[in-house]
Amino acid sequence: MNMKAKLSEKFEQMAEAATRGVGSSWAFLLACGFVIGWLVRGIAVGFDDMWDLVMNNITAIVTFLIVFLIQQSQNKDSLAIQLKLDEIILALDKANNQLVDAENLPEKKLRQMHGEYSKRVEAQTPKNKKRKTTSSS
């Protein structure tokens, strides 16, 4: 295994561990404790400029890192779901195999296909079971 692959694998392991940790109940409790401590410290120092600067920097850095963890997790989940759906499509004889790997099509083509499938669904739905559209008024 080359250095790049090892580094990538190590990063994925760290990201998965961090994602599990950040998404846990304990992490939520720790965050609540941090907010309470933040508030108490702010009251103790009179919410001075230095306190504000430090707290804003800490929250900005943590938020920045968490965004990347969330995106990595969503990318992995999305890929797994796409693979499962592709397997189902390939396993069904009547399924349109053109839909396998549809996530890699351009958005314009996806919208076109969505319109075509919406028409097919509408045509196959009995009149007494047609989907009712709701509008917010």
* Verify salt bridge (Lys or Arg N to Asp or Glu O under 4.0 Å) between E107 and R111, making sure each step is shown before the conclusion. => CA-CA 6 Å; E107 186 175 353; R111 292 196 184 281; 2.7 Å; yes
* Asked: Would you say the side-chain atoms of N56 pair up with the backbone N or O of D52, donor to acceptor, closer than 3.5 Å?
  -> yes
* Group every Ile, Leu, Val, Met, Phe, Trp and Tyr by side-chain heavy-atom contacts under 4.5 Å, then state whether W51 and I36 land in the same group. => no
* Structure fact -> d(L85 CG, D101 CG) to nearest 0.5 Å is 12.0 Å
* Structure fact -> Value for CD (E16) from NZ (K76), rounded to nearest 0.5 Å, stands at 3.0 Å
* To do: Say whether, by atom type as modelled, one donor and one acceptor occur between the side chain of T63 and the main chain of A60 under 3.5 angstrom.
  => no
* Heavy-atom closest contact (I89 atom, N97 atom, distance) -> O-OD1, 3.7 Å
* F34, L29: one ILVMFWY side-chain cluster at the under-4.5 Å cut-off? -> no
* When rounded to the nearest 0.5 angstrom, what distance separates CG in L30 from OG in S24? -> 8.5 Å
* Structure fact -> Exactly one of D86, I81, L110 clears side chain to side chain contact (heavy atoms under 4.5 Å, CB included) with E103, and that residue is D86
* In Å and rounded to the nearest 0.5 Å, what is the CG to CD distance from L79 to Q74? -> 13.5 Å
* Donor-acceptor under 3.5 Å (T125 side chain, V121 main chain) -> yes
* Asked: If Ile, Leu, Val, Met, Phe, Trp and Tyr residues are connected whenever their side-chain heavy atoms lie under 4.5 Å apart, and connections chain through other members, are M3 and M14 in the same group?
  -> no
* To do: State yes or no: do F11 and L69 share one hydrophobic cluster built from I, L, V, M, F, W and Y residues joined by side-chain heavy-atom distances below 4.5 Å, directly or via other members?
  => no
* Asked: More than 12 non-hydrogen atoms from neighbouring residues, nucleotides or ligands closer than 6.0 Å to CZ on F47, yes or no?
  -> yes
* Structure fact -> Q98 meets the side-chain contact (heavy atoms from CB on, under 4.5 Å) criterion, sequence neighbours left out, with N96, K109, M113
* Which of parallel (below 30°), tilted (30 to 60°) and perpendicular (above 60°) describes F68 and F64? -> perpendicular
* To do: Can you measure from CD1 (I61) to CD1 (I66) and round to the nearest 0.5 angstrom?
  => 12.5 Å
* Minimum heavy-atom distance V22-A27, with the two atoms named -> O-CB, 3.4 Å
* **Q112 vs K108 side-chain heavy atoms within contact, under 4.5 Å** => no
* With the 4.5 Å side-chain cut-off for hydrophobic clustering, are L65 and W26 part of the same group? -> no
* To do: Output yes when a side-chain donor or acceptor of T19 lies under 3.5 Å from a complementary backbone atom of A15, and no otherwise.
  => yes
* To the nearest 0.5 angstrom, please state how far the NZ atom of K84 sits from the CD atom of E87. => 11.5 Å
* Who are the side-chain hydrogen bond (donor to acceptor under 3.5 Å, both in side chains) partners of N75, not counting sequence neighbours? -> Q71
* side-chain contact (heavy atoms from CB on, under 4.5 Å) between M55 and I58: does it pass, once the steps are laid out? -> CA-CA 5 Å; M55 290 303 118; I58 289 171; 4.1 Å; yes
